[in-house]
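Each chain gets a letter, A, B and so on, in the order the sequences are listed, and its residues count up from 1.
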2 protein chains.
Amino acid sequence: MSFQQTFKALSDPTRREILDLLKSGKKSAGEIGEHFQMTGATISHHLSILKQANLITDEKSGKYIFYELNLTVFEEILSWIQSFQKEG
Amino acid sequence: MSFQQTFKALSDPTRREILDLLKSGKKSAGEIGEHFQMTGATISHHLSILKQANLITDEKSGKYIFYELNLTVFEEILSWIQSFQKEG
DNA sequence: GCTATATTTAGATAATTAGCTAAATATCTA
DNA sequence: TAGATATTTAGCTAATTATCTAAATATAGC
């Protein structure tokens, strides 16, 4: 929820790679995990951190849980970054 | 230097606050430290991480070392964030 | 050269965290 | 209901890191 959580979530390369994967659309936890050489448990841990940071949303569908980017938080980070560029 | 270093550097609230302080112009390590209830050594450590991440530059002037924002890296993060917003 | 000031470096510690394995939960199908 | 699949939770460990104190380095002025 907090800004701090968002930045912490983004500071891990695996989590940023997960976000990159999700650019092409929603994916199940298993599909996401296939791209990494880590256990599903570890991926689940990362997904939970991204979710807490509001960077992704999840949606259950039968056996699967689908994850999707949540762009609203990206807006906030964008504004923060831009505040350094604008003079004044 | 790396993207990873930049994000790690940004993931600490003290370091983000240092960056915010530097928005108003260059400041010495001591001036920066005055805003925090931490030892100078700790602030120095944070400054070193920000410097390694290329988010700030330093300039020695007599007894003092002045730190200043380096905006070029902010551009890169901005692009990364924006890559999520553009569809495709 | 000596002393005071500004900052960093070194070394230690406590807290956080990324990863694992194993167990638990949930859903589907036979 | 039993078994298979998908995912999460719990508990552990090794690595990282934010912080401290103490020591080191550098500069200025007497």
Side-chain angles (χ1 to χ4, degrees), chain A residues 1-22 24-70 73, chain B residues 1-22 24-70 73:
Chain A
M1 281 303 254
S2 75
F3 219 50
Q4 172 57 12
Q5 259 183 314
T6 310
F7 273 104
K8 276 277 180 186
L10 289 175
S11 75
D12 182 88
T14 300
R15 291 194 288 265
R16 288 200 306 280
E17 207 172 331
I18 290 174
L19 294 176
D20 277 328
L21 274 177
L22 292 179
S24 57
K26 65 176 67 168
K27 289 189 171 44
S28 71
E31 285 176 304
I32 294 167
E34 283 170 15
H35 291 79
F36 301 90
Q37 286 177 332
M38 290 171 196
T39 63
T42 298
I43 294 298
S44 176
H45 162 73
H46 285 305
L47 288 171
S48 134
I49 289 172
L50 287 170
K51 202 175 105 179
Q52 277 173 64
N54 244 19
L55 286 160
I56 57 176
T57 56
D58 62 344
E59 180 196 352
K60 195 157 192 177
S61 170
K63 266 203 300 192
Y64 304 95
I65 300 179
F66 286 92
Y67 287 93
E68 188 170 17
L69 287 179
N70 175 23
V73 178
Chain B
M1 283 304 254
S2 75
F3 219 51
Q4 173 57 11
Q5 256 183 316
T6 309
F7 274 104
K8 276 275 180 190
L10 288 176
S11 76
D12 182 87
T14 300
R15 291 195 287 268
R16 287 199 308 280
E17 206 171 332
I18 291 174
L19 294 176
D20 276 328
L21 274 176
L22 292 178
S24 57
K26 66 176 66 168
K27 289 190 172 45
S28 71
E31 285 175 305
I32 294 167
E34 282 169 15
H35 290 79
F36 300 92
Q37 286 177 331
M38 292 171 194
T39 64
T42 298
I43 295 298
S44 176
H45 163 74
H46 285 305
L47 289 170
S48 132
I49 288 172
L50 287 169
K51 204 175 105 179
Q52 280 174 61
N54 243 19
L55 286 160
I56 58 176
T57 57
D58 63 344
E59 178 196 354
K60 196 158 192 176
S61 169
K63 266 203 299 191
Y64 305 93
I65 301 178
F66 287 92
Y67 287 93
E68 189 171 15
L69 286 179
N70 175 22
V73 177

Chain A on DNA chain C: first and last contacting nucleotide, 5' to 3', under 4.0 Å to a heavy atom? dT17(C) to dC28(C)
Residue met sooner reading DNA chain C from 5', once Tyr67(B) and His46(A) are mapped to nucleotides: Tyr67(B)
Could you check whether any side-chain N or O of Asn70(B) sits under 3.5 Å from a backbone N or O of Asn54(B), counting only pairs where one atom can act as donor and the other as acceptor? yes
Would you say the side chain of His46(B) lies within less than 4.5 Å of the side chain of Phe36(B), judging by non-hydrogen atoms? no
Nearest whole angstrom, please: distance from the P of dG29(D) to the NZ of Lys63(B). 8 Å
Toward the 5' end of DNA chain C, by each residue's nearest nucleotide, Ser61(A) or Met38(A): Met38(A)
Length of the CD1-C1' vector between Ile65(B) and dT27(D), whole Å: 11 Å
Tell me if a side-chain donor or acceptor on Gln4(B) pairs with a main-chain N or O of Ser11(A) at a distance below 3.5 Å. yes
Length of the line joining His45(B):NE2 and dT17(D):P, which is rounded to integer Å: 8 Å
Take the protein atom NZ of Lys60(A) and the nucleotide atom C1' of dT5(D), then report the distance between them rounded to whole Å. 13 Å
If I take atom CD in residue Gln4(A) and atom C1' in nucleotide dT17(D), what distance separates them, rounded to the nearest angstrom? 13 Å
Please list residues of residues 25-37 of chain A whose heavy atoms come under 4.0 Å from any atom in DNA chain D, ordered by number; otherwise none. Ser28(A), Ala29(A), Gly30(A)
What is the separation between atom CD on Gln5(B) and atom C1' on dT17(D), rounded to the nearest whole Å? 14 Å
To check you understand the geometry: which heavy-atom pair defines the closest contact between Ile43(A) and Gly33(A), and what is its length? CG1-CA, 4.0 Å
Quick one: on DNA chain D, does Tyr64(A) or Lys8(A) contact a more 5' nucleotide (nearest heavy atom)? Tyr64(A)
Looking at side-chain heavy atoms only, is the closest gap between Leu55(A) and Thr6(A) below 4.5 Å? yes
Give the nucleotide from the list dA26(D), dA10(D), dC20(D) with an atom nearest to the side chain of Thr42(B). dC20(D)
Just how far is it from atom CG of Leu69(A) to atom CG of Leu50(A), taken to the nearest 0.5 Å? 9.5 Å
For Lys27(A), does the NZ atom have more than 12 heavy-atom neighbours from other residues, nucleotides or ligands under 6.0 Å away? yes
Check salt bridge (Lys or Arg N to Asp or Glu O under 4.0 Å) between Glu68(B) and all other residues, then give those that pass, not counting sequence neighbours. Lys26(B)
So, the side chain of Arg16(B) versus the backbone of Leu10(B): is there a donor-acceptor pair under 3.5 Å, distance only? yes
